[in-house]
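Here, residue 1 is the first one in the sequence, and each next residue gets the next number.
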Amino acid sequence: REHGVICLSKFCLLSSAEKVMEEFEPLLMTIAGSVEERVEVRAQAALALCDLALIHEKMLLASTEEADSGEDGDAPTKVAPSMPFKAMLLEMLGHAKPGIVIIAAEIAAKLLLAGRLRDPALIAHLV
């Protein structure tokens with residue numbers, strides 16, 4: 001499963017933002033948030049979500065916001081809610097397993113430094 005998630009994350013990097021948002025982001029969120037899943041598999045799914053958030057800015061916009069039209073001139077599109085991803089990160093930062101906490105801290109730091117997230121609660125967990 002871990003290698004399957006890694007392959008899926010690489011495939012997502014080559015996919016359009018719309019396809020990622022509709023098909024792959026919900027699947028990766030389910031895997032990363034699953035308490036029954038092995039830590040290694042959850043970590044890979046969470047890292048994939050981080051990479052996608054760095055590439056596709058609209059992954060982290062609130063559900064009521066609309067992304068600007070792309071380079072191809074398409075109309076603005078509705079985007080997925082960001083709260084589940086932030087909530088998942090906060091939950092992972094408070095997890096009992098150190099491996100989960102380390103991955104969550106890495107993801108939060110990347111997204112904060114890249115300017116993708118500006119959540120004071122995440123910053124408080126990292127300091």
Side-chain angles (χ1 to χ4, degrees):
R1 273 182 73 83
E2 181 180 357
H3 292 292
V5 172
I6 292 169
C7 290
L8 178 62
S9 70
K10 292 183 186 317
F11 179 75
C12 289
L13 295 175
L14 302 173
S15 300
S16 69
E18 290 75 25
K19 184 172 183 110
V20 168
M21 296 294 297
E22 292 172 9
E23 297 179 28
F24 303 124
E25 191 258 351
L27 176 61
L28 289 169
M29 284 292 294
T30 300
I31 294 169
S34 173
V35 293
E36 290 100 25
E37 194 60 74
R38 288 185 20 236
V39 171
E40 297 85 0
V41 177
R42 289 182 70 187
Q44 289 302 324
L47 288 169
L49 287 164
C50 175
D51 292 342
L52 293 173
L54 291 170
I55 293 171
H56 303 295
E57 184 175 4
K58 59 185 168 180
M59 272 192 66
L60 295 175
L61 295 175
S63 60
T64 57
E65 296 181 45
E66 292 186 350
D68 293 332
S69 60
E71 293 176 10
D72 54 2
D74 289 344
T77 56
K78 296 273 185 195
V79 294
S82 60
M83 288 310 294
F85 188 63
K86 289 180 191 176
M88 182 190 69
L89 274 179
L90 286 170
E91 174 196 324
M92 290 174 77
L93 285 167
H95 202 277
K97 294 183 180 180
I100 298 270
V101 176
I102 291 168
I103 295 296
E106 177 185 337
I107 291 168
K110 284 181 182 179
L111 295 175
L112 287 165
L113 288 172
R116 293 291 196 245
L117 289 177
R118 294 167 193 85
D119 191 332
L122 286 173
I123 295 170
H125 271 80
L126 296 176
V127 184

- Item | Atom pair CD1 (I107) and CZ (F85), whose distance is rounded to the nearest 0.5 Å | 5.5 Å
- Message: For a quick test of reading the model, state the closest non-hydrogen atom pair linking A48 to S9 and the distance between them.
- Response: CB-CB, 3.2 Å
- Mind checking the CD1-CZ spacing from I6 to R1? Nearest 0.5 Å is all I need. 13.0 Å
- For R38, what residues pass the salt bridge (charged side-chain N to carboxylate O under 4.0 Å, His left out) criterion, not counting sequence neighbours? E2, E40
- Message: The test is side-chain contact (heavy atoms from CB on, under 4.5 Å); show your working for L89 and D119 and say whether it passes.
- Response: CA-CA 11 Å; L89 274 179; D119 191 332; over 6 Å; no
- Item | Gap between atom CZ of F24 and atom CG of L52 - 0.5 Å precision | 10.0 Å
- Is any side-chain heavy atom of L28 closer than 4.5 Å to a side-chain heavy atom of V5? yes
- Query: Say you draw a straight line from CD of E22 to OG of S16; how long is it, rounded to the nearest 0.5 Å?
  - Reply: 7.5 Å
- Shortest non-hydrogen separation from M29 to L49 and the atoms involved: SD-CD1, 3.5 Å
- Apply side-chain contact (heavy atoms from CB on, under 4.5 Å) to the pair V101 and H125, showing each step before the final yes or no. CA-CA 10 Å; V101 176; H125 271 80; over 6 Å; no
- Taking all heavy atoms of L117 and all of L112, pick out the closest pair and write down the distance. O-CD2, 3.2 Å
- Query: side-chain contact (heavy atoms from CB on, under 4.5 Å) between I55 and V20: does it pass, once the steps are laid out?
  - Reply: CA-CA 11 Å; I55 293 171; V20 168; over 6 Å; no
- Query: Side chain of H95, backbone of E91: donor and acceptor closer than 3.5 Å?
  - Reply: no
- Separation of R42 CZ from I31 CD1 (nearest 0.5 Å): 11.5 Å
- Message: If you compare all heavy atoms of A46 against all heavy atoms of I103, which two are closest, and at what distance to 0.1 Å?
- Response: CB-CG2, 4.4 Å
- Query: Roughly how far, to the nearest 0.5 Å, is CD of E25 from NE2 of H56?
  - Reply: 11.0 Å
- Message: Which residues pass the side-chain contact (heavy atoms from CB on, under 4.5 Å) test with R116, not counting sequence neighbours?
- Response: L54, E57, L60, L111, A114
- Task: Work out which heavy atom in M88 is nearest to a heavy atom in G33; give both atom names and the distance.
- Result: SD-N, 4.0 Å
- Task: Verify the cluster assignment for I102 and L126: are they in a single hydrophobic cluster under the rule of side-chain heavy atoms below 4.5 Å apart?
- Result: no
- With sequence neighbours left out, what residues match K19 under salt bridge (charged side-chain N to carboxylate O under 4.0 Å, His left out)? E23
- Query: Counting only N and O atoms by type, is there a donor-acceptor contact under 3.5 Å from the side chain of S34 to the main-chain atoms of T30?
  - Reply: no
